[in-house]
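Read through the structure below, which is laid out as structure tokens, and then see the notes.
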Amino acid sequence: MEESLKQCAEGGDVEALYSVLSADPCVLDRIDQMSFVDNPLHIAAAAGNIYFAMEIASLKPSLTWKLNHRGFSPVHLALQNGHDQLVRAFLTIDSELVRVKAKGRVTPLHYVSQIENTDLLAEFLSICPSSIEDLTVQCESAVHIAVKNYKFRAFKVLLGWLKRANQEEILEWKDEDGNTPLHIATSTNQPELMTWLIGEGNVNARNLSGLTAMDIFNRQRDSLAGRVGEILRDAKAKSASELDGSTMTLADYLSRNLSLFEKRDKRLGIIGQSQEKSIDLRNVVLVVAVLIATATYQAALSPPGGYWQDDSPPGNNPATNTTIINSRAGKMILRGYNLFLFFFLNSVAFYTSLATILIVISGLPYFGALLVSISFLIYAYYSAIISTFPISESLGYRRATLAYVIIMYVISVSAAVIPAIASSKYKKLKRQVDTIKRHMG
């Protein structure tokens, strides 16, 4: 690098920079073609010359991604020298600089987790959410780094972000030794941090040595606080020998039958499709299911024949050849075989459409709230039918009515419960598979 340009960078002289560029307009292009060298941006970043650094970064943005001969980018050098304002300035040019990988594939997010700069950590996560997925050469996430370095405040920031971003599965990611953050917190005697981790992942996960967190505690019992063991026992943690011996692998997963939701995706043609195509297919199914649910619900509220408008004394109903105890206002006029056939078919269609809606929206945001709402709708439908069913003194009719009520109750419960259980199991299985794939990758 030209000595004049180096002196400009060290002194932060912007006017001198443009004098050099006036004499040699291609100087920055030649520097940009070099690999692993201290360019003017590295020098300015290390010195904290914010205005000069921003001029260079604006003129040649690609230099912000360059590593010097020691494996550091300008952002890393600014961080190492405490120039936080310069780091923020760099990120206004390109927020993806949070993910630039220095020596050891350490990103700025990893670095601020290590030094516990919680303000920058929170800002990095906010402007570049995908940076939380970056791993070092040792397969360490920012969470691993915070735990290994006893940075409890940084860990709490990361945990808070993961919860708000619905990415708690990252707490189960494993480093090169197969250790999750819980393994590390146990082995490094951090009971306070463990209390935050418990319940956020699999407490019985094994590392590559086949050890669970409880195994680690048992091996290091003499050097660890008793509180560590208490936390694990309260969380029902087990040693590897107490588990059933089955560990989910990718081969095990592929050997399993398709789950309910994998069958759903296969039948909908979602598997192998782009995200936009998948969303379009889901929307079509949802529209059809909603139309069926609406039509069947309305049919239940307005059954063929309508309702009795006035009370009438007991007597014979010549239309259906049945004896009526009391034709009360608000009860259905329709009765007999047609009554049961209509409401059985209508109810099955209604419950099936709602179950379909729950299956299709499973895994989407607010699924829990929608499940509760649809469950209330199911029971409201059930109550509306039962409360308006006609009454007859015929024993066979009463038995048929009782059987119908029981069948409809079972179907209504199943319509809400089965999708909820299937969704929970699929979510757990998917989390296990994602962890396996991440570890293999």
(request) Let me see the working for E55 and Y18 under side chain to side chain donor-acceptor pair (under 3.5 Å), right down to the final yes or no. (result) CA-CA 10 Å; E55 287 291 337; Y18 280 96; 2.7 Å; yes

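- The pair D134-R105 does not meet the salt-bridge criterion, since no charged nitrogen lies less than 4.0 angstrom from a carboxylate oxygen.
- A donor-acceptor contact closer than 3.5 angstrom links the side chains of N179 and N207.
- Counting only distance, with no hydrogens or angles, the side chain of S223 and the backbone of Q220 share a donor-acceptor pair below 3.5 Å.
- Across every non-hydrogen atom of W65 and P61, the tightest pair is CD1-O, 4.1 Å.
- Atoms CG and NZ, from L135 and K174 in turn, are 14.0 Å apart once rounded to the nearest 0.5 Å.
- I292 CD1 to T356 OG1: the interatomic distance, rounded to the nearest 0.5 Å, is 7.5 Å.
- Using a 4.5 Å heavy-atom threshold, the side chains of N202 and T180 count as separate.
- With contacts defined as side-chain heavy-atom distances shorter than 4.5 Å, the pair P129/W161 qualifies.
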(request) Start with the C-alpha distance between D38 and R70, add both sets of side-chain angles, then the distance that settles salt bridge (Lys or Arg N to Asp or Glu O under 4.0 Å), and finish with yes or no. (result) CA-CA 9 Å; D38 271 316; R70 292 181 296 154; 5.2 Å; no

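- In plain terms, the two heavy atoms of L17 and C8 that are nearest each other are N-SG, 3.8 Å.
- In this structure, the side chain of N81 engages the main chain of L77 through a donor-acceptor pair within 3.5 Å.
- No donor-acceptor pair under 3.5 Å is formed between the side chain of N49 and the backbone N or O of F52.
- Note on ring orientation: taking the six-membered ring where Trp is involved, the planes of H76 and F72 are tilted (angle from 30° to 60°).
- Remark: R219 CZ is loosely packed, at most 12 non-hydrogen atoms of other residues, nucleotides or ligands lying under 6.0 Å away.
- L79 contributes atom CG, which lies 13.0 Å from atom NE2 of H110 (distance to the nearest 0.5 angstrom).
- Between the NZ atom of K66 and the CG atom of N68 there is a distance of 12.5 Å, given to the nearest 0.5 Å.
- Inter-residue side-chain proximity for I145 and K148 is flagged as unmet; no heavy-atom pair is nearer than 4.5 Å.
- Side-chain contact of T188 with Q190: a donor-acceptor pair under 3.5 Å is present, judged by distance alone.
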(message) Between D94 and T64, is the side-chain contact (heavy atoms from CB on, under 4.5 Å) condition met? List the steps.
(response) CA-CA 9 Å; D94 187 355; T64 59; 5.6 Å; no

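- A donor-acceptor pair under 3.5 Å links the side-chain atoms of S353 to the main chain of A349, judged by distance alone.
- In this structure the side chain of P74 never reaches within 4.5 angstrom of the side chain of L63, judged on heavy atoms.
- In this structure, A154 and L121 approach most closely via the heavy-atom pair O-CD2, 3.6 Å.
- A donor-acceptor contact shorter than 3.5 Å is absent between the side chain of Q7 and the backbone of S4.
- The environment of NZ in K60 is crowded: more than 12 heavy-atom neighbours from other residues, nucleotides or ligands sit within 6.0 Å.
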(request) Evaluate the criterion salt bridge (Lys or Arg N to Asp or Glu O under 4.0 Å) for residue pair K163 and E200; output intermediate values, then yes/no. (result) CA-CA 9 Å; K163 288 182 176 180; E200 301 296 341; 3.3 Å; yes

(request) Begin with the C-alpha distance, continue with both residues' side-chain angles, and end with the deciding distance and a verdict on salt bridge (Lys or Arg N to Asp or Glu O under 4.0 Å) for R30 and D24. (result) CA-CA 10 Å; R30 291 197 302 272; D24 187 357; 2.4 Å; yes

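- A salt bridge between R206 and D215 is absent, with no side-chain N of the basic residue lying under 4.0 Å from a carboxylate O of the acidic one.
- At distances below 3.5 Å, not a single donor-acceptor pair connects side-chain atoms of D175 with backbone N or O atoms of E140.
- No side-chain heavy atom of L109 sits under 4.5 Å from any side-chain heavy atom of R99.
- For N204 (side chain) and A240 (main-chain N/O), no donor-acceptor pair under 3.5 Å exists by modelled atom type.
- Here the side chains of V87 and V112 are not in contact, with every heavy-atom distance at 4.5 Å or above.
- With a 6.0 Å radius and a threshold of 12 heavy atoms from other residues, nucleotides or ligands, W196 has its CH2 atom at or below the threshold.
- Of the inter-residue distances, the one linking S62 atom OG with I31 atom CD1 reads 11.0 Å to the nearest 0.5 angstrom.
- With hydrogens and angles ignored, the 3.5 Å screen pairs a side-chain donor or acceptor of E116 with a backbone N or O of R153.
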(message) If you apply the rule side chain to side chain donor-acceptor pair (under 3.5 Å), what do you find for Y381 with S347, and how did you get there?
(response) CA-CA 9 Å; Y381 173 91; S347 298; 3.0 Å; yes

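- Salt bridge annotation for R227-E230: present, with a cationic side-chain nitrogen under 4.0 angstrom from a carboxylate oxygen.
- The shortest side-chain heavy-atom distance between L193 and F155 falls under the 4.5 Å cut-off.
- For S302 (side chain) and A299 (main-chain N/O), no donor-acceptor pair under 3.5 Å exists by modelled atom type.
- A donor-acceptor pair is defined here as one N or O able to donate and one able to accept, closer than 3.5 Å; no such pair exists between the side chain of S209 and the backbone of L211.
- A distance of 11.5 Å separates CG in L197 from NE2 in H183, rounded to the nearest 0.5 Å.
- Nearest approach of P40 to A9, heavy atoms of both residues: O-CB, 3.6 Å.
- When every heavy atom of K101 is checked against every heavy atom of T107, the shortest pair comes out as CG-CG2, 3.9 Å.
- Here the closest heavy-atom approach between residue I43 and residue K6 is recorded as CD1-CG, 3.6 Å.
- At a threshold of 4.5 Å between non-hydrogen side-chain atoms, the residues M194 and L232 count as touching.
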